[in-house]
Amino acid sequence: MSGGSLDVSKAGNALWLVKVPKYVADKWDNAPGSLDVGKIKVTNTIPGKRPDISLHLSEAVLCLDGEKNNEPIPKSFKLDVSHFTSQTMVALSEHRMSYNPDAVVQETDRLAILGKISQKLECRPIGDKVYMDLKKEAIRKAHIPTRQVQKLDKVVQNFKPISDHKHNIEYNEKKKSEGKKARDDKDAVMAMLFKAFEKHQYYNIKDLVTLTKQPVVYLKEILKEVCNYNLKHPHKNMWELKPEYRHYKEQEDNETN
């Protein structure tokens with residue numbers, strides 16, 4: 001956090017880091033700050049033997065409504081000491097200051113070290129009837145299908161129909177147009193092509209379809225026999241007669257001579 005201050009006055013405090021179930025954390029999140037949420041009980045403090053540690057929630061917390069679970073939850077839990085390495089862990093608290101437009105100097109956010117983690121514990125519920133009922137209900141809910149068939153008494157229209165996509169419209173119009181074109185005899189189509197190429201040396205496929213009124217696929221089959229397809233500029237993507245079919249050029253040369 002940039003520009004803030006760090007309070008280390010409580011850095012020497014020894015703290016326990018306790019992992020609790022989600023339904024307990026849900027209750028605690030909804031508890032007011034002044035409410036007693038529970039008590040920790042330590043028994044069997046014999047030297048050299050690990051003590052028994054338990055957590056007991058207060059009745060006030062048990063009566064609170066959780067955001068995700070309003071069913072009864074266990075009251076008592078056993079706290080098991082978990083493996084804790086030699087790493088250094090601390091608990092921090094952050095207090096963000098609100099912006100004051102009238103202040104000459106704005107107060108900076110405050111960050112404080114509440115203490116050092118000395119023990120890690122895991123909260124395990126005691127297997128009583130309340131806990132077993134809670135787990136049974138959780139298993140039941142987990143097996144409810146996310147998608148279910150629902151019978152409707154009337155038509156429900158929750159979306160507005162849109163017009164067909166542009167590329168689909170163009171494709172259907174093209175298909176409809178080509179479907180009406182009948183294939184002429186191959187020799188007749190070639191005659192039309194030779195006549196067209198007597199006027200111009202290069203044509204694109206669109207113009208040839210217009211001149212011959214033939215389906216594109218059928219026309220391309222014939223063009224591949226008598227024409228070359230240009231892939232380079234200046235006549236890229238255009239068709240021209242193969243050299244052996246350019247008789248009109250020979251005629252032009254003879255007339256010139």
Side-chain angles (χ1 to χ4, degrees), residues 1-47 49-85 87-103 106-144:
M1 182 179 64
S2 60
S5 58
L6 179 63
D7 182 6
V8 296
S9 60
K10 299 180 181 180
N13 292 345
L15 303 177
W16 285 3
L17 178 62
V18 182
K19 181 180 178 181
V20 300
K22 290 183 179 181
Y23 51 82
V24 175
D26 184 28
K27 294 285 188 181
W28 286 356
D29 286 341
N30 288 281
S34 59
L35 184 67
D36 182 10
V37 296
K39 294 182 179 180
I40 291 179
K41 184 178 181 181
V42 180
T43 58
N44 192 18
T45 56
I46 301 175
K49 189 175 181 180
R50 181 174 294 179
D52 294 328
I53 309 173
S54 58
L55 168 66
H56 304 274
L57 302 180
S58 65
E59 293 294 337
V61 167
L62 294 174
C63 294
L64 292 174
D65 291 334
E67 293 182 0
K68 300 179 181 179
N69 184 16
N70 293 327
E71 299 174 1
I73 65 173
K75 180 179 181 180
S76 300
F77 301 84
K78 182 180 179 182
L79 298 182
D80 293 336
V81 179
S82 60
H83 179 68
F84 187 54
T85 61
Q87 67 181 129
T88 301
M89 300 177 64
V90 297
L92 302 175
S93 69
E94 183 180 9
H95 180 68
R96 292 188 174 274
M97 305 302 297
S98 58
Y99 176 74
N100 185 0
D102 299 326
Q106 297 293 330
E107 292 187 79
T108 58
D109 297 340
R110 290 196 294 268
L111 188 67
I113 298 179
L114 300 180
K116 180 180 178 181
I117 305 299
S118 62
Q119 197 70 267
K120 291 177 66 176
L121 302 100
E122 187 167 352
C123 187
R124 298 184 183 277
I126 299 173
D128 57 5
K129 185 179 184 305
V130 175
Y131 174 71
M132 298 307 294
D133 291 342
L134 183 67
K135 294 301 293 182
K136 190 184 301 182
E137 181 63 18
I139 295 173
R140 186 191 68 80
K141 290 181 178 179
H143 284 78
I144 297 177

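Reckoned from all heavy atoms, side chains included, excluding hydrogens, waters and symmetry mates.
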Ignoring hydrogens and angles, tell me if any N or O in the side chain of Lys10 forms a donor-acceptor pair with the backbone of Ala112 under 3.5 Å. no
Nearest non-hydrogen partners of Met132 and Gly127, listed with the distance: CG-O, 4.4 Å
Name all residues meeting the side-chain hydrogen bond (donor to acceptor under 3.5 Å, both in side chains) criterion together with Ser9; count only those two or more places apart in sequence or in a different chain, and write none if there are none. Asp7
Which residues share a side chain to side chain contact (heavy atoms under 4.5 Å, CB included) with Leu17, sequence neighbours left out: Met89, Ile117, Lys120
If we only count heavy atoms from C-beta on, is the Leu62 to Lys27 side-chain gap below 4.5 Å? no
Contact between Asp26 and Ile73 at the side-chain level, heavy atoms closer than 4.5 Å - yes or no? no
About how many Å separate CZ of Arg124 and NZ of Lys78, when rounded to the nearest 0.5 Å? 9.0 Å
Rounded to the nearest 0.5 angstrom, the CG-NZ distance for Asp80 and Lys19 is 12.0 Å
Leu92/Ile113 under side-chain contact (heavy atoms from CB on, under 4.5 Å): CA gap, chis, key distance, verdict: CA-CA 5 Å; Leu92 302 175; Ile113 298 179; 3.5 Å; yes
Derivation and outcome, side-chain contact (heavy atoms from CB on, under 4.5 Å), residues Leu64 and Leu35: CA-CA 11 Å; Leu64 292 174; Leu35 184 67; 4.0 Å; yes
Minimum heavy-atom separation for Gln119 and Val81, please, with both atom names. OE1-CG1, 3.2 Å
Where do Val42 and Pro51 come nearest, in terms of heavy atoms and distance? CG1-CB, 3.8 Å
Taking all heavy atoms of Val61 and all of Val37, pick out the closest pair and write down the distance. CG2-CA, 3.2 Å
Nearest heavy-atom approach of Cys123 to Val18 is CB-CG1, 4.4 Å
What closest approach, in Å, do Pro74 and Tyr131 show between heavy atoms, and which atom pair accounts for it? CG-CB, 3.7 Å
When Ile139, Asp133, Leu134 are each screened for side-chain contact (heavy atoms from CB on, under 4.5 Å) with Lys136, the one that passes is Asp133
For Val20 and Phe77, run side-chain contact (heavy atoms from CB on, under 4.5 Å): C-alpha distance rounded to whole Å, both residues' side-chain angles, the deciding distance at 0.1 Å, then the answer. CA-CA 9 Å; Val20 300; Phe77 301 84; over 6 Å; no
Exam field: side chain Ser118 to backbone Leu15, donor-acceptor pair closer than 3.5 Å: yes
Contacts of Asp36 meeting side chain to side chain contact (heavy atoms under 4.5 Å, CB included) (sequence neighbours excluded), chain-then-number -> Lys39
